[in-house]
Amino acid sequence: MELLWRFLLGGAMVSLFALIGDVVRPKRFAGIFGGAPSVALATLALTAAKSGPLTASLEARSMILGSLGFVLYVCVAQRALATGRWSPMLVAAGCLGIWGLAAVAAGLMLEAPHK
């Protein structure tokens, strides 16, 4: 039954965000409303319903920190690709490592004992 709810809620959220992406002008902003935000919101809603708001808030915090790593990925990739010296595949692979390191660093900062 939980899989059915995930399917229905996820599909509805993806459809809603796709509609927003289709309506938004300029079109370059349409990617912001791709699948990831809608899947994240659906996942948080289901987690809050099943495990409670505390667990959902921890997942939301992790998603936010992961998105900060993604912003770093995008900034570094954009600058590297703008030079024209690097292949897109190499830049994507290298920046994926940067994203991973940023996410791990953020996670370690959260796990550090509070004094």
Side-chain angles (χ1 to χ4, degrees):
M1 190 63 173
E2 181 182 342
L3 285 177
L4 177 64
W5 280 113
R6 285 184 181 272
F7 174 76
L8 293 174
L9 184 59
M13 296 296 287
V14 168
S15 297
L16 176 67
F17 275 80
L19 179 67
I20 292 170
D22 197 39
V23 172
V24 167
R25 299 280 186 252
K27 280 297 183 190
R28 67 176 172 256
F29 290 128
I32 294 171
F33 299 102
S38 55
V39 172
L41 289 175
T43 300
L44 284 175
L46 290 169
T47 300
K50 183 177 180 183
S51 303
L54 181 61
T55 302
S57 69
L58 291 172
E59 286 191 12
R61 183 178 62 183
S62 299
M63 288 178 186
I64 291 168
L65 291 173
S67 69
L68 293 175
F70 183 66
V71 169
L72 181 61
Y73 171 105
V74 170
C75 291
V76 172
Q78 187 274 331
R79 289 187 183 263
L81 290 172
T83 65
R85 292 184 290 177
W86 305 94
S87 75
M89 183 66 100
L90 183 63
V91 170
C95 289
L96 190 59
I98 291 171
W99 184 7
L101 288 173
V104 168
L108 290 175
M109 286 190 300
L110 288 177
E111 294 296 322
H114 301 291
K115 294 183 181 183

Who passes side-chain contact (heavy atoms from CB on, under 4.5 Å) against V76, sequence neighbours left out? L72, C95, I98
Set of residues satisfying side-chain contact (heavy atoms from CB on, under 4.5 Å) with respect to S51, sequence neighbours excluded: T47, T55
Remaining members of L58's ILVMFWY cluster at a side-chain heavy-atom cut-off under 4.5 Å? none
Tell me, which pairs form a salt bridge (Lys or Arg N to Asp or Glu O under 4.0 Å) where one or both residues lie in residues 45-55, sequence neighbours left out? E2-K50
Which ring pair (Phe, Tyr, Trp, His ring centres under 6.0 Å) pairs, counting each pair once, include a residue from residues 55-76, with sequence neighbours left out? F70-Y73, F70-W99, Y73-W99
Residue pairs meeting ring pair (Phe, Tyr, Trp, His ring centres under 6.0 Å), one or both in residues 39-58, sequence neighbours left out, come to none
Closest heavy-atom contact between A102 and G69? CB-CA, 3.8 Å
Show the atom names and distances, to 0.1 Å, of all donor-acceptor pairs under 3.5 Å that link a side chain in residues 79-86 to residues at least two apart or in another chain.
unit_1, atom_1, unit_2, atom_2, d
T83, OG1, A80, O, 2.7
T83, OG1, R85, N, 3.3

For L101, the hydrophobic cluster (side chain heavy atoms closer than 4.5 Å, chained through members) also holds none
Any pair counted as salt bridge (Lys or Arg N to Asp or Glu O under 4.0 Å), so long as it reaches residues 64-77, sequence neighbours left out: none
Which residues pass the side-chain contact (heavy atoms from CB on, under 4.5 Å) test with S57, not counting sequence neighbours? L54
If you link I, L, V, M, F, W and Y whenever their side-chain heavy atoms are under 4.5 Å apart, who else ends up in the same group as M63? L44
